[in-house]
Amino acid sequence: MKLILKQKIFSLMDSYDIYDEYDQVVYTVSSRLSWGHKLDVYDPSGHCLTTIKEEILTFMPRFSIYIDDYYIGSFQKKISLFPKYVLEFNDWSINGDFMNWNYTISDSYHEIATISKELFHFTDVYVIDVHNSQDALYALLVVLAIDAEKCSASNNSKKKPRLLFLCIRTGKFILHSKT
């Protein structure tokens with residue numbers, strides 16, 4: 001089964017449509033205001049299937065996953081030279097390439113899905129190739145968490161370090177943004 005995740009262009013918050021290989025919407029994702037990312041995944045009839053919520057005060061990025069408001073597990077980034085994540089409730093490992101564009105999801109025995117980011121689009125577009133359709137929703141959650149983690153990392157890196165200087169001549173402190 002192939003899923004194509006397309007971020008909506010004119011949206012103030014994270015919002016995605018997820019299409020199948022026949023260009024039919026199979027899921028819709030929207031975010032809610034919260035401390036950190038909080039994304040809800042809906043089926044075509046508008047029923048909320050799952051929620052993924054970023055945990056804030058953690059050493060490495062971590063997301064909690066809920067189905068019908070029940071916690072089922074988490075998705076967490078691991079320390080590694082190349083991007084590496086773990087989906088704890090089903091023991092999936094997610095390994096990325098050097099450029100953070102392609103990922104492989106696998107368990108102890110075989111490959112579950114591959115994820116690739118398509119370039120040259122106005123918004124983020126990911127293609128998820130899932131080997132078993134029963135794993136499609138969880139593979140989608142992996143992509144949403146990776147995209148949210150990249151967004152958080154990008155926002156944090158844009159914050160310029162600030163230096164505080166004491167001007168000897170005037171005796172006043174000067175806040176300076178380092179460029």
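Along the sequence shown, residues carry numbers from 1.
- Residues His131 and Glu111 have side chains in contact (heavy-atom distance under 4.5 Å, counting atoms from C-beta outward).
- No donor-acceptor pair under 3.5 Å is formed between the side chain of Asp68 and the backbone N or O of Tyr70.
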Next on the checklist: Trp92 vs Asp135, test: side chain to side chain contact (heavy atoms under 4.5 Å, CB included). Steps then yes/no.
Outcome noted: CA-CA 11 Å; Trp92 285 0; Asp135 296 325; 3.7 Å; yes

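- A side-chain hydrogen bond (donor to acceptor under 3.5 Å, both in side chains) with Ser74 is found for one member of Arg62, Glu55, Lys53 and no other, namely Arg62.
- With hydrophobic clusters built from ILVMFWY side chains whose heavy atoms lie under 4.5 angstrom apart, Val143 shares a cluster with Leu137.
- Contact check for Val25 versus Pro44: no side-chain heavy atoms found under the 4.5 Å cut-off.
- The aromatic rings of Tyr66 and Tyr71 sit perpendicular, their planes meeting at an angle over 60°, well past the 30° parallel limit.
- For the atom pair CD of Glu88 and CZ of Phe75, the computed distance is 11.5 Å after rounding to the nearest 0.5 Å.
- The distance from the CE atom of Met1 to the CG atom of Asn132 is 10.5 Å, given to the nearest 0.5 Å.
- With hydrophobic clusters built from ILVMFWY side chains whose heavy atoms lie under 4.5 angstrom apart, Tyr42 does not share a cluster with Leu5.
- Taking both residues in full, the closest heavy atoms of Asp147 and Tyr126 are given as OD1-OH, 3.1 Å, listed atom of the first, atom of the second, then distance.
- Distance check, rounded to the nearest 0.5 Å: CD1 of Ile18 to CG of Leu3 gives 8.0 Å.
- Residue-environment remark: OH (Tyr138) stays at or below the threshold of 12 foreign heavy atoms within 6.0 Å.
- Residues Tyr19 and Val26 approach most closely at C-CG2, 4.1 Å, considering heavy atoms.
- Of the residues Ile105, Thr114, Ile4, Leu140, the one that meets the side chain to side chain contact (heavy atoms under 4.5 Å, CB included) test with Ile128 is Leu140.
- Here CG of Leu39 is found 11.0 Å from CD1 of Ile65. Values are rounded to the nearest 0.5 Å.
- Going from atom OG1 of Thr51 over to atom CD1 of Ile72 covers 10.5 Å, rounded to the nearest 0.5 Å.
- Looking at Asp40 and Ser30, their side chains never bring a donor and an acceptor atom within 3.5 Å of each other.
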Item to check | Criterion side chain to side chain contact (heavy atoms under 4.5 Å, CB included) on Leu144 and Tyr16, from CA distance to verdict | outcome: CA-CA 9 Å; Leu144 292 171; Tyr16 307 88; 3.9 Å; yes

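- A pairwise comparison of heavy atoms in Gly96 and Tyr103 identifies CA-CD2, 3.3 Å as the closest pair.
- Residues Asn102 and Ser116 share a closest heavy-atom pair of OD1-CB, 3.1 Å.
- The CG atom of Asp97 sits 11.0 Å away from the CD1 atom of Ile115 when rounded to the nearest 0.5 Å.
- The only option from Asp107, Ile94, Leu141, Ile112 that meets the side chain to side chain contact (heavy atoms under 4.5 Å, CB included) definition with Leu87 turns out to be Ile94.
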